[in-house]
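Inspection log for the structure reproduced underneath, given as structure tokens.
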Amino acid sequence: MRTVLGVWRWRHNPLRRATDRHEAWLALAALLLMVCVAPVAAWRAGAATDAVLLDAVRAQRLHRHLVPGVVVSRARPAGFAGDPEAGATAVTSTVVARWKTPDGSTRTGTVPTGSAPRTPGSRIAVWTDDRGAPAVRPMDAPTAHTHAVLAGLGALLLTAGGVEAGRRLLLRGMVRRRHERLDRAWASVGPDWGRAGTGC
């Protein structure tokens, strides 16, 4: 943006080079891409991610079921419920539980119970799949929307970063060609520089 404004202010300056104008146009094009294209890319990425995740939410709700179970015994802790580095201290405990499968048989397995301690004989709710096997709790719609927003922000940053990287690469090529022209001009004039009778 500073390049565009700077060249615009001294566009009638006799010292202005053609390459300065090209750099200004390049900066303006990059700015327009960041302002116009990057938000569109972010919106489309977020919308696509949201649609895919909502389909996953519907599929998980269709094939995962909450069934009553009974705690048989305790199991060792499975880990932290939150991010340990963020100061989370709630531990997700696991227990050995028993529940009924859709065909009426009894199944026993290790399932998470959250941070609340469970004693043998306690009743808990167990997430299972269509066959009655333990399953992870299905994703909810707010979580899907949050991931979609993060995907959109990521697409925005990637698009803006790609545009800026492309601008810098093109600018580097322009500067290199400018230096090559200066080197050729100096090579033709330099040997006679300051020599009497050369007209310099």
Under 3.5 Å donor-acceptor, [X] side chain and [Y] backbone:
X      : Y      : answer
Thr143 : Met139 : no
Ser122 : Thr119 : yes
Ser105 : Thr101 : no

Are [X] and [Y] in one and the same hydrophobic cluster, where Ile, Leu, Val, Met, Phe, Trp and Tyr link if side-chain heavy atoms are under 4.5 Å apart?
X      : Y     : answer
Leu26  : Leu33 : no
Leu171 : Leu28 : no
Val37  : Met34 : yes
Leu32  : Trp25 : yes

Calculate, to the nearest 0.5 Å, the distance between atoms [atom1] and [atom2] belonging to [X] and [Y] respectively.
X      : Y     : atom1 : atom2 : value
Gln60  : Leu53 : CD    : CG    : 9.5 Å
Thr49  : Arg44 : OG1   : CZ    : 12.0 Å
Asp129 : Arg64 : CG    : CZ    : 8.5 Å

To check you understand the geometry: which heavy-atom pair defines the closest contact between [X] and [Y], and what is its length?
X      : Y      : value
Trp127 : Arg137 : NE1-CG, 3.5 Å
Ala45  : Ala151 : CB-O, 4.4 Å
Ala135 : Thr128 : CB-C, 3.8 Å
Thr159 : Ala38  : CG2-CA, 3.7 Å
Ala155 : Ala42  : CB-CA, 4.0 Å
Val57  : Ala144 : CG2-CB, 4.1 Å

Under a 4.0 Å N-O cut-off, is there an ion pair linking Arg177 with Glu180?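 No salt bridge links Arg177 with Glu180.
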
Any side-chain heavy-atom pair from [X] and [Y] closer than 4.5 angstrom?
X      : Y      : answer
Trp99  : Arg107 : yes
Asp50  : His145 : yes
Thr108 : Val96  : yes
Val175 : His179 : yes

Is it the case that Asp130 and His65 place a side-chain donor and acceptor less than 3.5 Å from each other?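 Indeed, the side chains of Asp130 and His65 share at least one donor-acceptor pair under 3.5 Å.
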
Pick from Ile124, Val126, Val72: which one makes a side chain to side chain contact (heavy atoms under 4.5 Å, CB included) with Val95?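 When Ile124, Val126, Val72 are each tested with Val95, the side chain to side chain contact (heavy atoms under 4.5 Å, CB included) holds only for Ile124.
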
